[in-house]
Engineer: 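After the structure tokens below, expect a handful of questions from me.
Excluded from the calculations below are hydrogen atoms, water molecules and symmetry mates; all remaining heavy atoms, backbone and side chain alike, are included. When a ligand or atom number is given, it counts from 1 through the structure's own listing order.
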Amino acid sequence: MIVLTTKSEITRYIQQKRIKSAFKIGFVPTMGALHEGHLSLIKLSKQENDRTICSIFINPIQFNQTSDFEKYPKNFEKDIKLLEQNGCDILFLPSVKEMYPTKSTITFDFGELEKIMEGVHRPNHFNGVGVVVSKLFNIIQPTRAYFGQKDLQQCAIVTQLINDLSFPIEIRRCPIIREENGLAMSSRNQRLSVEQKEQATFLYKSLLQTKLLLEQTKSVEKTLIQVKNEFKEMPFFKLEYLEIVDAISLQSLGNIEEGQEIAICIAVYIGEIRLIDNLIFVG
Ligand code: AMP
């Protein structure tokens, strides 16, 4: 695997490859502290493209809390080993200065998509995502880009970005990889204590229970009231949101229709660590 840290190096590499043949490039953007979830994206990209490029960049402008940015887990040596073992071809590992030689002043308006869930609770987060993803798309010019369903709203935002700015890139939404106990893998899980990790398994259980209740009651309102009440009995959780939404538009549902693709989305705090998860199914 080749590790490149500057825009000019990666541009040179891609131009050389493209002169030779119509190379298909798969791109997996990450913030590092890699786990099986990230590696599943690499695997899919390898199956579908001639070369796979992964980026590791902890994007300061998408964090709305300085402490979350400062405490974000970092383990570049381990990440490089994992990427090598999993057959990644290129790692793009830029510095903040390389990505932001000057302060970014551009602002995106993602409309309704920004007025719900993560958009409400993490002001400016999606603007930061929009800026960094646009920069990375322009630098790497991939054929396909791989994003995890784990960050469902991010997938929707990036799809909108691709449509709005006509990036000639195909987005691939990849399934959530979970621990055996159901906990969705996340770099932030590293910050949980053993006890908190055990408590966090309730997150996925509550998604399954919400689905079951929804199927039984056919009522979004009743389901949400019941599950939210159960969270009140769990002192270790602070429920930030629980939403039942259309899986494509991500807008809240009043009632469910047969055959409709539904997403149940949740965000909680355990101590000071924020976790998100979701479940998609056909109603
Ligand atoms: P991050 O490093 O957290 O920015 O994540 C990089 C990419 O990996 C994003 O597209 C995430 O949605 C995806 N990802 C993170 N966790 C998982 C998981 N458990 N399963 C599948 N994809 C994931």
Side-chain angles (χ1 to χ4, degrees), residues 26-48 52-65 68-69 71-76 78-80 82-83 86 88 91-94 96 99 117-118 122 125-137 140 142 144-162 169-192 197 200-201 203-204 207 247 250 263 265-268 273-280:
F27 174 46
V28 181
T30 80
M31 297 204 295
L34 302 181
H35 50 68
E36 286 296 327
H38 298 113
L39 299 177
S40 72
L41 271 53
I42 302 273
K43 268 176 214 148
L44 195 60
S45 168
K46 278 186 67 67
Q47 283 166 21
E48 297 181 342
T52 290
I53 302 181
C54 175
S55 65
I56 297 181
F57 179 63
I58 308 175
N59 178 32
I61 70 163
Q62 74 181 66
F63 287 81
N64 51 320
Q65 283 178 356
D68 190 30
F69 172 63
K71 289 181 185 164
Y72 199 83
K74 297 167 198 68
N75 202 337
F76 298 128
K78 189 175 160 218
D79 288 348
I80 289 173
L82 278 174
L83 289 173
N86 284 272
C88 178
L91 168 61
F92 182 47
L93 188 66
V96 173
M99 289 299 283
M117 303 193 287
E118 297 297 290
R122 301 186 69 189
H125 169 66
F126 285 129
N127 192 62
V129 170
V131 171
V132 81
V133 169
S134 301
K135 278 174 176 278
L136 289 167
F137 280 177
I140 290 166
R144 300 186 182 91
Y146 296 78
F147 288 84
Q149 182 202 313
K150 163 84 172 24
D151 299 280
L152 182 63
Q153 203 171 349
Q154 175 170 274
C155 290
I157 292 276
V158 175
T159 303
Q160 191 168 320
L161 188 75
I162 286 176
I169 299 169
E170 188 187 328
I171 182 171
R172 305 282 275 118
R173 192 181 80 190
C174 309
I176 302 176
I177 305 297
R178 301 180 177 281
E179 306 279 357
E180 263 177 37
N181 60 18
L183 177 64
M185 291 193 186
S186 163
S187 305
R188 287 189 172 84
N189 292 355
Q190 289 185 19
R191 294 180 56 204
L192 297 170
K197 256 193 195 145
T201 60
L203 210 57
Y204 183 53
L207 289 177
L250 302 190
C265 303
I266 193 165
V268 301
I273 298 143
R274 187 171 185 274
L275 300 177
I276 59 169
D277 199 353
N278 67 77
L279 184 69
I280 296 183

Engineer: List every atom of ligand 1 that sits less than 4.0 Å from any heavy atom of Met31, numbering the atoms from 1 in the order shown and giving each element.
Structural biologist: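 It comes down to these atoms of ligand 1: 1 (P), 2 (O), 4 (O).
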
Engineer: For ligand 1, which part of Leu41 has a heavy atom less than 4.0 Å away: the side chain, the backbone, both, or neither?
Structural biologist: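 Just the side chain.
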
Engineer: Before giving the answer on side-chain contact (heavy atoms from CB on, under 4.5 Å), spell out for Leu91 and Ser55 the whole-Å C-alpha distance, their side-chain angles and the decisive distance to 0.1 Å.
Structural biologist: CA-CA 6 Å; Leu91 168 61; Ser55 65; 5.7 Å; no

Engineer: Relative to ligand 1, is Cys174 under 4.0 angstrom through side chain, backbone, both or neither, heavy atoms considered?
Structural biologist: neither

Engineer: Distance under 4.0 Å to a non-hydrogen atom of Pro29: what atoms of ligand 1 satisfy this?
Structural biologist: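 Selected atoms, number and element: 6 (C), 7 (C).
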
Engineer: Identify the closest protein heavy atom to atom 12 (O) of ligand 1: which residue and atom is it, and at what distance?
Structural biologist: Asp151 OD2, 2.6 Å

Engineer: Can you find a heavy atom in the side chain of Arg274 that is under 4.5 Å from one in the side chain of Arg122?
Structural biologist: yes

Engineer: With a cut-off of 4.0 Å, which atoms of ligand 1 are near a heavy atom of Met185?
Structural biologist: 16 (N), 17 (C), 18 (C), 19 (N)

Engineer: Considering heavy atoms of the protein only, find what lies nearest to atom 20 (N) of ligand 1 and give residue, atom and distance to 0.1 Å.
Structural biologist: Ile177 N, 2.9 Å

Engineer: Salt-bridged, Asp79 to Lys74, with N to O below 4.0 Å?
Structural biologist: no

Engineer: In plain terms, say whether Arg191 and Asp68 are close enough for a salt bridge, that is, a side-chain N and a carboxylate O under 4.0 Å apart.
Structural biologist: yes

Engineer: Do the side chains of Ile176 and Asn278 get nearer than 4.5 Å, heavy atoms only?
Structural biologist: yes

Engineer: Give me the residue, atom name and distance of the protein heavy atom closest to atom 8 (O) of ligand 1.
Structural biologist: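 The closest heavy atom on the protein side is His38 CD2, 3.4 Å.
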
Engineer: Just verifying a value: how many Å separate Lys43 NZ and His38 NE2, rounded to the nearest 0.5 Å?
Structural biologist: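 It is 13.0 Å, given to the nearest 0.5 Å.
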
Engineer: Show me which atoms of ligand 1 lie under 4.0 Å from any heavy atom of Tyr72.
Structural biologist: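 By the 4.0 Å cutoff, the relevant atoms are 3 (O).
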
Engineer: Are the aromatic rings of Phe92 and Phe57 close, with centres under 6.0 Å apart?
Structural biologist: no

Engineer: Specify the protein heavy atom at minimum distance from atom 15 (C) of ligand 1: its residue, its atom name, and the distance to 0.1 Å.
Structural biologist: His35 CE1, 3.9 Å

Engineer: Would you mind running through ligand 1 and noting each atom that sits below 4.0 Å from a heavy atom of Pro175?
Structural biologist: 20 (N), 21 (C)

Engineer: Do Leu44 and Val28 have side chains that get closer than 4.5 Å, going by heavy atoms?
Structural biologist: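 They are not in contact (no side-chain heavy atoms under 4.5 Å apart), so the answer is no.
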
Engineer: For Phe147, take its heavy atoms, then give the atoms of ligand 1 lying under 4.0 Å from any of them.
Structural biologist: 10 (O)

Engineer: Is the shortest side-chain heavy-atom distance between Arg178 and Asp277 below 4.5 Å?
Structural biologist: yes

Engineer: Could you list the atoms of ligand 1 found under 4.0 angstrom from a heavy atom of Gly148?
Structural biologist: 9 (C), 10 (O), 11 (C), 12 (O), 13 (C), 22 (N)

